[in-house]
Amino acid sequence: MTDFFHALVNPDFPFLRYALAMGLLSSVAFGIVGAYVVVRRISYMAGAISHSILGGIGLGLFLQGNYGLKWCHPMLFAVLTALLSAIIIGYVSLRARQREDTIIGAVWAVGMALGLIFLTLTPGYVDPMSYLFGNILVIAKTDLWLIMALDILISAAGLFFFNNLQAVCFDEEFARLKGLNVDFYFIMLLVLTALTVVLMVRIVGIVLVIALLTIPAAVAGQFTTKLKRMMILSVILSAIFITIGLWLSYAVNFPSGPTIIIIAGGAYILSAVIKRGN
Amino acid sequence: MNETVIKFTDVSFAYGSVPILKNVNFTIAEREFVYIVGPNGGGKTTLLKLILGLLYPVKGKIEVFGEDPQKVRRKIGYSPQHIQFDQRFPITVSDVVFMGRLGARIGGHFNKADRKAVAKAMEELDITDIAQYPFSSLSGGQRQRVLIARAIAGGPDMLLLDEPTANIDVHSEDKLSNIISELNKRITVLMVSHELSFVAKKINSVLCVNREVRIHPTSEITGDAVKHLFDQDMKLIRHDLNCG
């Protein structure tokens, strides 16, 4: 444990500080959006958005590597792909409900397929593993500003529209009768989810995103009777899981993403056991 | 004569090729108390959803407050028979009633007037004590009262109640009858009921809904007389269907 704190304050190891700073900052967005995702039951949509991001990352790397387009940053393309996927899934879900699962599967797989093809076409070797399973330790100082901006945007929107989003998630028909544009709020929820997923991909990777998005909220949901309290608790839990996960991955030299997920999964099982015991 | 608040002109509705309502014509005047009866699957809830603009007629025209139902739906308080919701949704009784106040401001923030209206609605439905209980922990009757409180919290100009008494005990039913009669002095009330267990102080019209809709003005009669009328009419409608 003390090693970890020494490493945190060591000026030669800035990456660990950045990693922890990013994890703690993003926990706010994770907790808020994760709670919406769990109560509205759209974690599979979040999964599809997450996996489709590989297509964007691949395209960005391909354009940078083959055409020297410096501005084609993989993260920029990750954001654009996530938004595009969110809008496609949202639109299909609203217009043709029975096809919802088909389109989720298609977006999921096609995004990954495109990503791997682009990576193959990119000169030099790009290891897809770091995108699939995350590598929080490659975060630079400049990334922190972008992360902070996204975090504030997501959290502010999620809280500002809280009452309307809660109503739309709980009883769509009644929300519609109250004059709320239910379709707009559903798409907004997917867009917020997409942006959150982009943040999460930096920490735990494409494949593990669903777990970090839903487990803190699911644990929190077992102990709260109000959506807002569920959000606060899941923010705290996200921060704890990420901190412990980072520490453990540093201590025993495990990859950071999977370690964080194992911690979260363990806490989920523990909370279910405690809840049953009561 | 009071102003007309609901007007159906030759309205038909079908789910795909399954006809639900056929050539419906009726008008309802301001501050009437309208009782809607009919067998299960006869189209009572469909009729309410047409009035709310949640469904659109395949034929004919519906006017509510002289306008397209969608435009004026915010003026209507609606309490559904039951709502489909996730049993694990973390939400309290008070949160649900507050939803009746939504739609006035961007983002849906509540102010003092909202809190006052919600407190009053909860008091009227006798749910103040359980305000902080999880909605999912309530009994059927308690949930019904919460949904009615949500419907009246918005200060509606018309109230649509879909089987409000289905799970309610006799004591609460009396109380509910008084509350609705009191509201009815100011606003129009349409109430679906399966049977005639619930009798308001006055009933202006009875709508019998079984694919066709018949309206009976009943300004002077209540109780058994009305019940008798339903039974007669139900038989009549069924007979019509059998014959044609």
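Here is the naming used below: chain letters follow the sequence lines, and residue numbers restart at 1 for every chain.
Heavy atoms closer than 4.5 Å to chain B are found in the side chain of A:Asp171, but not in its backbone. For a residue to count as touching a neighbouring chain, one of its non-hydrogen atoms must lie under 4.5 Å from one of that chain's; by this rule B:Gln70 does not touch chain A. If you measure heavy-atom distances from A:Arg229 to chain B, you find no contacts under 4.5 Å at all. Heavy-atom distances place both the backbone and the side chain of B:Leu102 under 4.5 Å from chain A. Heavy atoms closer than 4.5 Å to chain A are found in the side chain of B:Ile83, but not in its backbone.
Taking CG from B:Leu52 and CZ from A:Phe174, the interatomic distance works out to 10.0 Å, rounded to the nearest 0.5 Å. For the atom pair A:Leu227 CG and B:Phe89 CZ, the distance stands at 5.0 Å (nearest 0.5 Å). To the nearest 0.5 angstrom, B:Arg74 atom CZ is 15.0 Å from A:Arg176 atom CZ. Put simply, CE on B:Met99 and CG on A:Leu177 are 13.0 Å apart, with the number rounded to the nearest 0.5 Å. To the nearest 0.5 angstrom, A:Asn163 atom CG is 4.0 Å from B:Phe110 atom CZ.
Annotation: side chain of B:Val96 is in contact with side chain of A:Phe170 (closest heavy-atom distance under 4.5 Å). Considering only heavy atoms from C-beta on, A:Lys226 stays 4.5 Å or farther from B:Pro90 through its side chain.
Among the candidates B:Arg73, B:Arg150, B:Arg101, the residue making the largest number of heavy-atom pairs closer than 4.5 Å to chain A is B:Arg150. Counting heavy-atom pairs closer than 4.5 Å to chain B, the top residue among A:Gly221, A:Ala35, A:Ala167 is A:Ala167.
Dense packing is recorded around CD of B:Gln87, with more than 12 heavy atoms of other residues, nucleotides or ligands lying under 6.0 Å away. With a 6.0 Å radius and a threshold of 12 heavy atoms from other residues, nucleotides or ligands, B:Phe26 has its CZ atom above the threshold. Heavy atoms of other residues, nucleotides or ligands lying less than 6.0 angstrom from CZ of A:Arg41 number 12 at most. Counting non-hydrogen atoms of neighbouring residues, nucleotides and ligands closer than 6.0 angstrom, the OH atom of A:Tyr91 reaches no more than 12 such neighbours.
Summarising the geometry of A:Glu173 relative to B:Lys49, their closest heavy-atom pair is OE2-NZ, 2.9 Å, with the distance given to 0.1 Å.
If you look at A:Phe162 and B:His109, their ring centroids are not closer than 6.0 Å.
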